[in-house]
Amino acid sequence: MSREKSHAAFTRAKRLMPGGVNSPARVFAAVGGEPIFFQRGEGAYLFDIDGNRYTDYVGSWGPMILGHAHPAVVEAVQAAAGRGTSFGAPTLAENELAELIIDAVPSVEKVRLVNSGTEATMSAVRLARGYTGRPMIVKFAGNYHGHVDSLLVAAGSSAATLGVPNSPGVTEGTTRDTLVLKYNDVDAVESAFAEHGPRIAGVIVEPVAGNMGCVMASLDFCTALRELTERHGALLIFDEVMSGFRVAYGGAQGLFNITPDITTLGKVIGGGLPIGAYGGRTEIMDKLLPAGEVFQAGTLSGNPVATAAGIATLTVLRDTDPYQDLERLSTRLANGLEQAAATAGIPLSIGRCGPMMTFFFSARPVTDWDAATRCDTRRYAQFFWAMIERGIYLPCSQYEALFISTAHSEHDIETTVAAARQAMAEIHKTKTQEVMF
Ligand code: KE4
């Protein structure tokens, strides 16, 4: 496949934007090579500026559960844009999207719309601190909640690590009240509450993690988080920016039957337009200005065009209930990849929750960040490029999740499995140390 135009575009982009991208997740640092520039998407497919077609499993990192350019979404966006793109005043579409979210997510009685998942988690942390009057936030190694200063904390060793910034520009002051624990480690959480309980405002967790690759929280772990936060008067924040409306219409909390105090959302609820949301019980959410005193605001929050895309997307999901079909296709893909790896004698462990999954190049299941870091990331890079050459677009990092949309067909899955068989056989012959970046 020729990607000359992408190469030229990236060369120019590097002169214009830091690293040539507007989000580091898009640059191919983890797999080597250069990012591909895309011209358009259609259903399950992406078309790059060199005219190559790929079956897309990135789905814009989660939002595109209906595939690209879904007619209902495009029509809603076009109609909304024709009525004006932003008023900075309330619109009926905000009521409608809020109602769809509240009807779908049992723990949410009131919701605040914002412009990204980062804004949602940043605001949820502030709300938890404002509601409880406490300073500390607990997060977990391998969980990513957007570029919130207080949550950009080094994923320490398995022991609890008090906040050490993991980015220049994040000060000790903003992370000293953040405690990083091991994901899926109940003992660690019990110890943290025993030591810090009265100071903990909240625990934020991805119930289905998508940012160390796809790793599910165990039911014991989620149950322990619910019980301990309840007992110590802290709030449980489920970060469902990625899992919300992805793994089930009501999100992972419906699968776990756990009721968090605050839920953060994004991605799918905007149908590919900039959006985020956070919601919970009325008595918590009414702490927010102007009902309460916790400050949060946003020029484009609840934007008419973004809410139109979100309403169209959630309405299609609610009315068609595609989750069983997504589960069937996802199971076929996962089984096909496992068979392809086994045939090639390559260790592979798949982490999956519904249509969100990761092919871990690891002989053992991945249940936390430490295990994820032991994956053979060079092997993943080889597999990534072998699949690109066969027209399959996977996440450009071992530590990301891939997504199946309602636009993927059985034929797409079979084609992907066939490509994986060839790719696994091809990389089996290459020793990982031979891969030059
Ligand atoms: P955004 O600010 O990117 O909309 O959302 C931040 C966020 C919050 N919580 C979870 C669980 C998330 O997965 C994310 C963002 N996910 C990444 C993908 N791993 C976005 C990709 C990117 O940053 O470009």
Side-chain angles (χ1 to χ4, degrees), residues 17-31 35-36 38 56-65 112-126 137 139-153 155 166-167 183 202-217 222 237-247 251-253 260 262-279 296 298 300-301 303 306 309-310 351 353 355-358 369 372 393-403:
M17 295 164 279
V21 291
N22 284 306
S23 183
R26 304 173 192 169
V27 76
F28 280 13
V31 292
I36 299 168
F38 291 103
D56 176 27
Y57 288 97
V58 176
S60 181
W61 306 104
M64 309 319 293
I65 194 167
R112 170 63 62 85
L113 301 177
V114 292
N115 299 284
S116 69
T118 295
E119 269 193 73
T121 57
M122 173 179 68
S123 309
V125 163
R126 185 182 311 131
I137 291 289
K139 77 171 291 276
F140 298 93
N143 278 201
Y144 172 68
H145 305 290
H147 59 95
V148 186
D149 274 11
S150 62
L151 300 179
L152 286 179
V153 187
N166 71 356
S167 164
Y183 193 73
V203 174
I204 186 167
V205 65
E206 289 182 64
V208 179
N211 293 285
M212 53 176 140
C214 183
V215 177
M216 280 194 77
C222 280
I237 304 167
F238 266 16
D239 179 356
E240 297 224 48
V241 167
M242 193 182 278
S243 58
F245 296 91
R246 164 59 65 180
V247 300
Q253 54 196 271
I262 299 175
T263 300
T264 56
L265 297 164
K267 297 181 190 276
V268 168
I269 67 165
L273 270 71
I275 202 162
Y278 60 115
Q296 182 264 308
L300 298 175
S301 295
N303 171 272
C353 183
M356 174 176 162
M357 74 180 84
T358 295
W369 176 240
Y393 189 62
L394 296 174
C396 52
S397 165
Q398 171 73 98
Y399 303 126
E400 293 287 0
L402 69 82
F403 303 96

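Note that ligands are numbered from 1 as they come in the structure, with each ligand's atoms numbered from 1 the same way. These numbers come from the heavy atoms of this one structure, side chains and all, not from hydrogens, waters or symmetry mates. Numbers for residues simply follow the sequence, beginning at 1.
Relative orientation of the Tyr393 and Phe38 rings is perpendicular, given thresholds of 30° and 60° on the angle between their planes.
Taking Ser150 as the reference, Val125, Arg129, Val148, Thr178 meet the side chain to side chain contact (heavy atoms under 4.5 Å, CB included) condition, with sequence neighbours excluded. Evaluation of the ring pair (Phe, Tyr, Trp, His ring centres under 6.0 Å) rule for Tyr399 yields Trp369 as partners, not counting sequence neighbours. Evaluation of the side chain to side chain contact (heavy atoms under 4.5 Å, CB included) rule for Met356 yields Val208, Cys214, Met242, Arg246, Val247, Ala401, Phe403 as partners, not counting sequence neighbours.
Side-chain contact between Ile262 and Phe238: absent, with no pair of heavy atoms (C-beta onward) separated by less than 4.5 Å.
Closest approach of Tyr183 and Val215 over heavy atoms only: OH-O, 3.4 Å.
Around ligand 1 you find Ser23, Ala25, Trp61, Ser116, Gly117, Thr118, Tyr144, His145, Gly146, Glu206, Asn211, Asp239, Val241, Met242, Lys267, Glu400, each with a heavy-atom distance below 4.0 Å.
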